[in-house]
Structures are given as C-alpha cells and as structure tokens.
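Okay, structure first, notes after.
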Amino acid sequence: MTALNTAPNIADVDDFYAALIGAHEGLSDAESARLNARLVLILANHIGDRRVLDQAIAAAARPGAGQ
Amino acid sequence: MLQDRYSLAFRLYPYRRSPDQDAPLPVRHPVVVMGGGPIGVATALDLGLQGIPVVVLDDHEGIGMGSRAICFAKRSLEIADRYGCAEPMLAKGVVWNLGKVFHQDRKVYEFNLLPEAGHRFPAFINLQQPYFEKFIVDRVRAVQEQGAPIELRGKNRVDAVTVKDDHVVLEIMTPDGPYRLEADWLIGCDGAGSPLRGMLGLGFEGRVFRDSFLIADIRMTADFPTERWFWFEPSHGSGASTLLHRQPDDTWRVDFQIGWDVDRKEEMKEENIRRRLDAFLGPERPYEIVWSSIYTFQCRRMQKFRNGRVIFAGDAAHQVSPFGARGANSGLQDVDNLGWKLGLVIRGVAPERLLDSYDEERIHGADENILNSTRATDFITPKSTISHVFRNAVLDLAEHYAFARPMVNSGRLSVPCTYDTMSLNGPDALPGGPARSRVGSPCPDAPVGEGFLLRRLGTGFAILTIDAEAPDLIDEDGIVARRVAVSADADPSGALAARYLGSAGSAVYLIRPDQHVAARWDRYDETALRAALRRACARD
Ligand SMILES: Cc1cc2nc3c(=O)[nH]c(=O)nc-3n(C[C@H](O)[C@H](O)[C@H](O)COP(=O)(O)OP(=O)(O)OC[C@H]3O[C@@H](n4cnc5c(N)ncnc54)[C@H](O)[C@@H]3O)c2cc1C
C-alpha cells in the first residue's frame, strides 16, 4: 500500500458517521478535541505506512479546505 | 360546528346525507377508515378492490391545498400500480436524476443517480401531494362504478370512539348533526395530529427537532434545470440549509431552514418570503408564490400500531422529518402491508393474529425510517460544535475527494424495507440466490417479454417459477396461490436472472400479495410450499 485511498471505502457509512458523532456526545469542546487527537493517532498507527500518512496529512491540510 | 381547518385543492367528496344517519340503530360496517388523506383513501382502495366494504370518514370534503409531499418513490408507484392508479402519476410527475450540493454558495459536487435499467417505474417522481391524492380518489371513483364497495363520506368528523371487544362505536358529526356507526375494524389514518390517538389515550413518543422550515411553492416560467439543489449554510437568506426541487406545472419547491426562534407571522408575510426568495434566485427572476407554509417536525411513533380492533396507519402511527421523503411513502407501505392481511382475516381464512405481523413488520419499517431521517436531520442541522465541525469537514473534503461524498447526507431516498427474520417468513432455500430478493424483501421489478414482472405477479399470493415446474394453482384451505411462470430467456438483458436466480439455474418463489418474498427454493416442493403459505398467513 503506497497510495492514499480516497475512494469510498466504508460500508454503511451513515452508520459509521452516527457512531463517530455519538462518541462525542456529552463532551466539552476541549474533550472532543482530545478525543479527535487520540482517534487520529490510533488510526495513523493502524495505517503505519509513512507515505500514506504523509499524503493524508497533505490532503487534510490542502489549501481551500476548511476555512 | 364543522369548521374547515384548511382550504381545499380539490373538492372530491362533498357531504351527502347517508341512509345510515336515519337508521334507528347504529349501522355496523366491516371496516371504517378515519381520515381521507392519501393513506386512508389508499386503504379503502386496497380493501374495496378485494370486495370488502369500507367507509372512509373525513372531516373535510376533499384534498387539502398545499403540496406537502412532493417526492414519491418507486415502491409507492409500484403499490399504486397494483391499485391501478400509477399511470396518471407517472404521466404528471417529474423525473429527475441530477443533483447538486452547495456549501456556503460554493458547489461542492454534483451527482447523477443513474437509475438501474429494467424497472417499470423510475426511482422516484416529483409530484404535488394533492395530485397524488386526487389520482387515488379518481381510481376509487372508477372502481366504484365497477361495483367496488367503497364509500367516501365528506364532512363526517369522528368525535368519539368506544372500543368493544369485537367492534368499535363511532360518534360522528356532520352538517346535519351527529350520528353513530359501528365498525368491526377501525383504521386510524387521521394524520400526525391524530385525534383518534388522543381519544384512546395512546402516546406518540419521539424526538422534537428545534428547527422550523419555511416552504414555498413558486411558479417560474423561466428556464431552470430539472435538478435537485441543496445548499448547506447558504449566504442568501439566513437559513442553515435550502432545498430547491422541481415539480410539475412549472412549479418549484423551495425549502428554507430558518431556525427555531422565529416569528411565524412575520416570516409568513409575502414581502418577507419574497425577500428570501429574491436573495436566493437573483433579483431579475419573476415568479409567483403558489403556496407557502412554515413547519416544524418530529420523529416519533406509536408503541403499537394495532390496538385490538383499532389499527393505525400513515402519519397517525409514525412521523418522520421530511428529509428522505419517507412520510407518505412509508404510509403507502403500511397500506400495502395491512390490506391483504385484514382482507384475509375478514374473510375468515386467516386468524386475527396475522394482524400482529402488521405491527411487527411496519414498526420495523417505521424505525428504519426514523433512524434514516434522524441521521439526515443531524447532518443538516448539527446539534453540537463538534458535530458541526465534522459536517463541514465532510463538505470540504467532498469537493476534492470521492470518499467524502457518500457521507454527505441531505436525506436518503426512501427505499422499502426488507422484513428480515420476521415471523411470517418461510425458508430461504435457493443456494446462490441473490441477496436483494431474499426472503422478506420487496420483489425487485424486472423486464419479462414485452412487459414487467411486478404487473405479472398480480394481487394475490403468487408462485413465481423461473425455469421450474409447479401446479397452476394451490389452494390451502381457502388461501389461493397462483403460478406465474417465466423463463430467464424472457429477459435478454439478464436483469431477471440477476435479480432472481443469481447463480442458481431455476427458482420457485412464494410471493405475498404485497409483493414481498415469503419463501424461495431451487425447485417446487408441494409440502414446503403449503407450509410456507400457512406460515405467511399466521396459520401455524
Ligand atoms: C413539508 C412537508 C413535506 C413532505 N414531503 C414528503 C415527501 O416528499 N414524500 C413523502 O412521502 N412524504 C412527505 N411528507 C409527508 C406526507 O405529507 C405525509 O406523510 C402524508 O400526508 C400522510 O398521509 P396520511 O393520510 O397519513 O395523513 P394526512 O394527509 O394528514 O391525512 C389525515 C386526514 O384525516 C383527516 N382527519 C383528521 N381528524 C379527523 C377526524 N376527527 N375525523 C375525520 N377525519 C379526520 C384530515 O382532515 C386529513 O384529511 C411531507 C410532509 C410535509 C409537512
């Protein structure tokens, strides 16, 4: 695995999305930010491949996204 | 005494005095339907076509103004086709496939729904609800001519009910004063505000969403594409979202999400509606406001739809947010599910407990609809800062990356539910059979020769054989199943085989009157088929 997969890859994505938002329920903004940070680190470790991780970081930081 | 609560688009069942009003004792009817909205009238049509006498009582004399539902899904058209009223809906309706999603005025992406080939009906049509209802009433009129025992009584308001063990007594108000009726079965189709629920003291639990929507139907003759446009956080108007959708008659539905703390009176003033519309359509575009309204919504349902001799259907039983167009569409599936069961029970060939499966199956359907529309609502109106952050991240990413597009949820189109693992289901014994036609699923349509499969299935139990043998008719103590024989060769496109055979060489399906699969095998076995037929009618 060397290329970041940006094609749809999650079965029943609505269910996943609901679980993700559900994990934040009742948390303060600061707690949510910490949860997100932990989640990113866990997922990054699972991926492992540095080239993929670098592409993911670049994709997330892409200018224009997220103003 | 009988004040209209809304004005009418079509006055189709003006009040007429019924002989029942002069009877010395309350007249008993097998079925009374309370409420003449789309669900009540469709229920009457289903039963009437089976030859079961049914009386519909509605407190108005026709169909209300204002379009409300506009999106009718394939399954609803297939059900309507069974009732004989889908053609005018299809002829009048608008078909669309292209959608565009905007965020803060930037186009994030567009999609083409590319409908699957080999179906009689499109994935959905846009059609104003009053037309949809009118076509059902027109069909009622046509079958009445042919002797179907259906009565529509306008300006008959049900004011009280008394529930007995084996019937219900109704107190009805008319312009000529009150009268009473008795019904073996009362079907509550009296809408989301259901007075009947109140009369019986039954609850309606769920979630209220703190938001309101300003909807306007506008007529524009200018060219405007037949597409669905959805804006998240548009800069025009102040709303959190806006939806633009085309309907017949050069009419567009615009739906502004305007928040919870709004002054309804103020917002409903024409100048204020125009201010929003102008900001969004541009100043030069002429239009006429056909109808407008403000609504809020809930996602909730009754705990049980069947309460002895009283059975609820449609909005009276369950209510969803409009995202995903699941209100009328799911109500039609209630009718589809209830009609044949009640018919068999009334004719005495199936036990009353068959009706409990209506509860089981349609509560499952309602929960699925509530889940889907709640999720769409949460995406469109995020409830917390973090949820909002994620939502906007999805929209940002969707502009550049395909993976994020399926996460954008502006309402998932209504699809019929599959009754997996429900008590009426028989064996799924077709090795290699496709998942989409597994036991419990609604039959997918497919081309057969010059026509389509669903039409061939008819309105009773069917034994669908695909390159397999079976007798033409099975009669299991009064429950009749007729064979519909087809060959995979009848569809050169291969869709029939892909949808019903998979890797199997032949198949025998037992199909219920609502065109859900009751059981399937790779070959005919009389004992197994009879057992499945009994089970599908709750005889075992
Ligand atoms: C803005 C909006 C958009 C929508 N969009 C869609 C969509 O795109 N697709 C979709 O499928 N659904 C949609 N819906 C939902 C759809 O309109 C409803 O699900 C549908 O009307 C329900 O039909 P019904 O017959 O159950 O109830 P109703 O249409 O509410 O009919 C109930 C009837 O009962 C009568 N009644 C009430 N009390 C009494 C009484 N005491 N005695 C006698 N009669 C009585 C009423 O007058 C009325 O005629 C939308 C709803 C809204 C508000």
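A, B, ... follow the sequence lines: proteins, then strands. Residue 1 opens every chain.
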Measure [X] against the heavy atoms of chain A and call it side chain, backbone, both or neither at under 4.5 Å.
X       : value
S384(B) : neither
N409(B) : side chain
V389(B) : neither

Neighbour count above 12 (heavy atom, 6.0 Å) for E25(A) CD: no
Largest heavy-atom contact set with chain A, pairs under 4.5 Å, which of M407(B), R412(B), R405(B):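 Highest number of pairs under 4.5 Å: R412(B).
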Heavy-atom proximity to chain B below 4.5 Å, by part of L35(A):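 Looking at L35(A), nothing touches chain B.
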D14(A) versus chain B, the contacting section by heavy-atom distance below 4.5 Å: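 Both the backbone and the side chain of D14(A) come within 4.5 Å of chain B.
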Check: W96(B) ring centroid to F124(B) ring centroid under 6.0 Å: yes
R207(B) side chain to T377(B) side chain, donor-acceptor N/O pair below 3.5 angstrom: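 Their side chains do not contain a donor-acceptor pair, so the 3.5 Å distance test is not met.
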H388(B) versus E233(B), side-chain donor and acceptor atoms under 3.5 Å: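 Yes, H388(B) and E233(B) have a side-chain donor paired with an acceptor closer than 3.5 Å.
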Option in V13(A), L27(A), D15(A) with maximal non-hydrogen atom pairs under 4.5 Å from chain B: D15(A)
When I10(A), N9(A), N36(A) are compared by non-hydrogen pairs under 4.5 Å with chain B, the top option: N36(A)
Parallel, tilted or perpendicular: ring planes of F102(B) versus W231(B), cut at 30 and 60 degrees: parallel
NZ/NE/NH1/NH2 to OD/OE distance under 4.0 Å, E399(B) and R62(A):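 Not counted as a salt bridge, because no side-chain N and carboxylate O are separated by less than 4.0 Å.
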